[in-house]
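Contents: one structure, followed by commentary.
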Amino acid sequence: MTDVIEHAADPRLAGRQVKRIAFDASAIEARVSELGAAITAAYPDGDLLVLGLLKGSFIFLSDLVRHIHRPLQVDFLVASSYGDGTVSSGNVRLLYDPETELTGKHIVLVEDIVDSGRTLQRLVDVLRERNPRSLEICALLHKHIATELHHPTRFIGFDAPHEFLVGYGLDHAENFRHLPYVASLL
Ligand code: IMP
Ligand code: MG
């Protein structure tokens with residue numbers, strides 16, 4: 001309840017109230033730094049391409065790459081699976097393909113949250129066809145309910161509560177991506 005009162009006045013929320021701050025800015029900062037170190041250690045050699053899934057990964061990716069202390073390239077993918085609702089529609093559309101060469105590179109696919117896993121499984125299938133040297137997933141949040149993802153998520157920031165979350169890149173109908181914390185809406 002304290003969080004509701006403290007954040008009720010956050011002008012970024014446009015009058016909406018957050019139910020709970022799941023992960024505050026300092027917890028996120030500390031964990032993203034650890035993930036960067038883990039990724040740095042995992043790739044002692046080879047070309048590394050950090051591939052962000054837009055739009056949800058944009059803040060996470062920008063913080064993450066600054067904690068990866070080795071050469072890398074950045075590109076993005078655009079897929080669309082959700083409309084304005086909070087439930088997966090089941091459709092995944094690829095709207096933008098990375099222009100960077102993928103063949104022979106270590107790819108770390110960066111996602112905001114793994115929910116059903118449908119989006120990622122579809123993307124993993126597409127990316128595998130480009131013959132990368134390796135392909136791993138890095139997700140800020142994981143709900144651990146993914147039934148459709150048959151590829152391990154190698155790098156996970158936090159286990160997510162089974163609530164609809166917003167902030168630090170995650171949206172509800174394109175709102176709230178700019179919150180510096182991850183919260184569930186009231
Ligand atoms: P999946 O295909 O069901 O795993 O859904 C993945 C995508 O749905 C994520 O990249 C998010 O954009 C969106 N999504 C899933 N859960 C949430 C949530 O709790 N808050 C905001 N977006 C979510
Ligand atoms: Mg979304």
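This one's a predicted model, so the numbers in the text were calculated from it and none came from an experiment. Atoms within each ligand, like the ligands themselves, are counted from 1 in listed order. Counting from 1, the numbers follow the sequence of the chain as shown.
Residue-ligand proximity, Ser116 to ligand 1, at heavy-atom distances under 4.0 Å covers atoms 1 (P), 2 (O), 3 (O), 4 (O). Taking a cut-off of under 4.0 Å to the non-hydrogen atoms of Asp171, the atoms of ligand 1 that pass are 21 (C). Within ligand 1, the atoms closer than 4.0 Å to a non-hydrogen atom of Thr119 are 1 (P), 2 (O), 5 (O), 6 (C), numbered from 1 in the order shown. Close approach of ligand 1 to Glu111 (heavy-atom distance below 4.0 Å) involves ligand atoms 6 (C), 9 (C), 10 (O). Less than 4.0 angstrom separates some heavy atom of Glu163 from each of these atoms of ligand 1: 19 (O).
In the displayed structure, Lys55 atom NZ is contacted under 6.0 Å by at most 12 heavy atoms of other residues, nucleotides or ligands. Few gaps surround CD on Glu34; more than 12 heavy atoms of other groups in view lie less than 6.0 Å from it.
Heavy atoms of Gly117 come nearer than 4.0 angstrom to ligand 1 in at least one pair.
Using the six-membered ring where Trp is involved, Phe158 and Phe23 have ring planes that are parallel, under 30° apart on the 30 and 60° scheme.
Taking distance alone, with nitrogen or oxygen atoms compared against 3.5 Å, Leu165 approaches ligand 1 more closely than that limit. Between Phe164 and ligand 1, a contact under 3.5 Å exists for no N or O pair.
At a 4.0 Å heavy-atom cut-off, ligand 1 touches Ile113 through backbone and side chain alike. Contact annotation for His172 and ligand 1: no heavy atom of the residue comes within less than 4.0 Å of the ligand. The side chain of Asp112, and not its backbone, has at least one atom closer than 4.0 Å to an atom of ligand 1 (non-hydrogen atoms only; side chain from C-beta on).
Side chain of His172 to backbone of Phe164: no donor-acceptor contact under 3.5 angstrom is found.
Distance check: Gln73 CD to Glu101 CD gives 10.0 Å after rounding to the nearest 0.5 Å.
For the side-chain contact (heavy atoms from CB on, under 4.5 Å) criterion with Leu141, the lone passing option out of Ile156, Asp159, Ile113, Val114 is Ile113.
Partners of Asn175 under the side-chain hydrogen bond (donor to acceptor under 3.5 Å, both in side chains) rule, at least two apart in sequence or in another chain, do not exist in this structure.
Minimum heavy-atom separation, Tyr181 to Arg12: CE2-NH2, 4.2 Å.
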